[in-house]
Peer 1: 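Handing you a structure now.
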Amino acid sequence: MKERNLDVIKGILHEAVRKAGFEVDKDHLHVEKTRDAQFGDFSTNVAMLLSGRAGRRPLHVAEEIAGQIDSKIFAKVEMANPGFINLWLEQKFYTEQAELWLDDFDKYLKESFALSEKRKAVIDYSHPNIAKPMGVHHLLSTVIGDSVKKIYQRYGWEVISDNFIGDMGTQFGKLMAAIKKWGNMDDIEKDPIPALQKLYVQFHIEADKDVELDDEGRAEYKKFEEGDKESRKLWKKIVQWSLLDMQQIYDRLGVSFDHMNGESFYEDKMKSILDDGRKKGVIVNGDGGSWIIMPDEPEDVPVLVRKSDGATLYATRDLARIKYWEDEWSPNLMLNVVDVAQSFYFNQLFFAQRKLGLTAARNVHIAFGRMQFADSKMSTRTGNILLLTDLLDESEKRALELINEKGVDLSEEERRELARIMGIGSIKYNILHQARTTNITFDWNRMLTFEGNSAPYLMYTIARAKSVLRKADLKPKDCRKYDLKLDLEIEKKLMIQLMMYPDTIRRAAEEFKPNHVANYLYELAQDFNSFYNGNSILQAESKELKKSRLMLTALVIQIMSDGFKLLGLEVPEKM
Ligand code: ARG
């Protein structure tokens, strides 16, 4: 297998480190682009890393390693304080890489990530609760989860998505009680979702005044759990209505799932786990006849897996899910994309699964923060629920306004299509470009603008690059035999940024952070725009220069389109 892009450089450095008498793991050998062209194209801190262990001065170690570098790909190698090795590459190297990229983009990336063995992940995201409106945190989970899935697929993994829909739980009891009290089935059937939402809200308002209502809800749920025929029938209907409603949102977002095994799917799969846990002595008696799993650390809290009345819990179903995933797919990685409010719960779940020995796969809770609205009117309160469909409509509407303001040269129909791509894309990009572990700010003015780190800015940039190739009547692949001439600093900078793409994907996958891809694309767009604004491509001074610049433009299109895919964004053809 041929090494690709930065891995070529890493390979050479690795060899030089060895020859100089040191040792370093390839994963710890970092090659980064430099902030300033006077420090080379790329730079490594490996000498600083090794000097500590060897008790030597970093600059001396750097010199020894640099002395062993034996390759024609470097135009220049220099040391810099306190122990960096700065590297300048020959244009020929860049041209070779560019040719490989353009010749078969897919293959190039696959070979960049060549895995020694097959790797598999199962991912659970979105998971709204039926009988409740889909909340903003479910939107975050859907968008982040879908992107993590796509990034892992790009990274060479097989990925299975399984939506753990909340189709059981006490909210059903509440809704059923509300339907019985105030509902009219014929009216509900006509337009179920708004009707159910109204009843749900009404229940919460009334329950604040009358505590007995909650008991009624609980009693309804118990009836359902015990298999009461009427309750089961009603439940089935509610599930079907809600799934149809959810599907509309999924279609608009362009997300799909391989499986939709909700909580109820595990109703008959819990007993064996409980029995097995009892036999092993991992599940022990808790208060009042309940069953619990004790933690290893005394300060941790036990996990309740069966209530004293024999009812199971959310955690019991989640344990059954882990076992099912293991039996069905035996993946290397099990991922749950769930808001940070459930971190404590996932800790509990994971130690319980370890004690039960359900799987050896790595279980990861991919946590994300809350959505913070710049516009206070938009936060959710009982009685004033923010509906996701309204949010998507509003975004498309604002996108259309923006397009009309800019006065792009498109037909009415093309404008609407662009507004859809941009409206949905802006919602997604706004979520994905922010660090998921902190709160995510939602601000229309920053999302829907052609300036700054926004989806419209990126879309505008790629449309621009595409129009250059269209005018030259070329497809990206047509440019593969051209030669790169990177004489201007900005041309070099752009190429260096392009080279960072595979490493960016690797990092985004390993840290489960799509924002690395988003911010990479933003930097790339900025580099391309300064290149484009300062230089003519089609009117370049010479034929060679024109070809080189077309080749760069072709690479920008390829990589930006690919990055868009990983974030679940559509690429506009014209703008
Ligand atoms: N349905 C749950 C909620 O909305 C989230 C489910 C998360 N996934 C899981 N495997 N527990 O709170």
Side-chain angles (χ1 to χ4, degrees), residues 121-146 148-149 159-175 197 200 204 221 235 238-239 242-243 245-246 249-250 255 257-267 269-270 273 293 303-305 312-329 331 333-354 356 358-359 361-371 380 382 385-388 436 512:
V122 188
I123 180 166
D124 150 48
Y125 60 97
S126 191
H127 41 237
N129 299 318
I130 277 167
K132 265 192 199 174
M134 191 158 166
V136 173
H137 59 292
H138 297 121
L139 174 69
L140 297 188
S141 172
T142 308
V143 170
I144 296 169
D146 192 53
V148 170
K149 171 176 106 183
V159 188
I160 296 156
S161 57
D162 189 4
N163 191 342
F164 190 68
I165 291 173
D167 57 2
M168 286 181 78
T170 46
Q171 77 266 16
F172 268 106
K174 293 179 185 174
L175 190 64
Q197 250 148 25
Y200 180 78
H204 279 266
Y221 190 64
W235 170 76
I238 300 174
V239 171
S242 302
L243 285 176
D245 189 56
M246 269 188 248
I249 302 236
Y250 291 152
V255 300
F257 302 89
D258 301 316
H259 302 276
M260 292 257 219
N261 297 324
E263 289 182 46
S264 68
F265 178 76
Y266 297 100
E267 256 192 300
K269 299 178 181 60
M270 290 181 278
I273 292 182
I293 298 178
V303 180
L304 185 62
V305 291
T312 56
L313 298 99
Y314 177 49
T316 328
R317 296 188 280 280
D318 240 343
L319 289 168
R321 170 191 57 78
I322 294 175
K323 166 120 175 39
Y324 179 79
W325 281 13
E326 172 62 33
D327 294 347
E328 201 66 12
W329 299 300
L333 199 53
M334 296 187 178
L335 306 173
N336 301 98
V337 187
V338 189
D339 67 307
V340 67
Q342 293 194 33
S343 293
F344 175 78
Y345 167 76
F346 274 99
N347 253 325
Q348 300 275 98
L349 180 70
F350 294 164
F351 91 64
Q353 95 74 13
R354 269 196 304 275
L356 289 168
L358 300 180
T359 179
R362 183 175 162 218
N363 272 274
V364 181
H365 170 207
I366 302 180
F368 55 83
R370 299 188 49 170
M371 181 92 104
T380 342
T382 336
I385 288 167
L386 173 68
L387 295 180
L388 295 188
R436 62 169 166 77
F512 311 105

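First listed ligand is number 1; within each ligand, the first listed atom is number 1.
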Peer 1: Can you list the steps and then say if Y250 with S126 is a side-chain hydrogen bond (donor to acceptor under 3.5 Å, both in side chains)?
Peer 2: CA-CA 10 Å; Y250 291 152; S126 191; 2.5 Å; yes
Peer 1: Near ligand 1, which protein residues have a heavy atom under 4.0 Å away?
Peer 2: D124, H127, N129, H138, F164, Y314, D318, R321, N336, V338, Q342, F346
Peer 1: Do Y345 and D318 have a side chain donor and acceptor closer than 3.5 Å?
Peer 2: yes
Peer 1: Looking at residues at least two apart in the chain, or sitting in another chain, which of them share a salt bridge (Lys or Arg N to Asp or Glu O under 4.0 Å) with K269?
Peer 2: none
Peer 1: Drop me the distance from I144's CD1 to L139's CG, to the nearest 0.5 angstrom.
Peer 2: 9.0 Å
Peer 1: Test of understanding: with side-chain hydrogen bond (donor to acceptor under 3.5 Å, both in side chains), list the residues that count as partners of K174, not counting sequence neighbours.
Peer 2: none
Peer 1: Looking at residues at least two apart in the chain, or sitting in another chain, which of them share a salt bridge (Lys or Arg N to Asp or Glu O under 4.0 Å) with D327?
Peer 2: K323
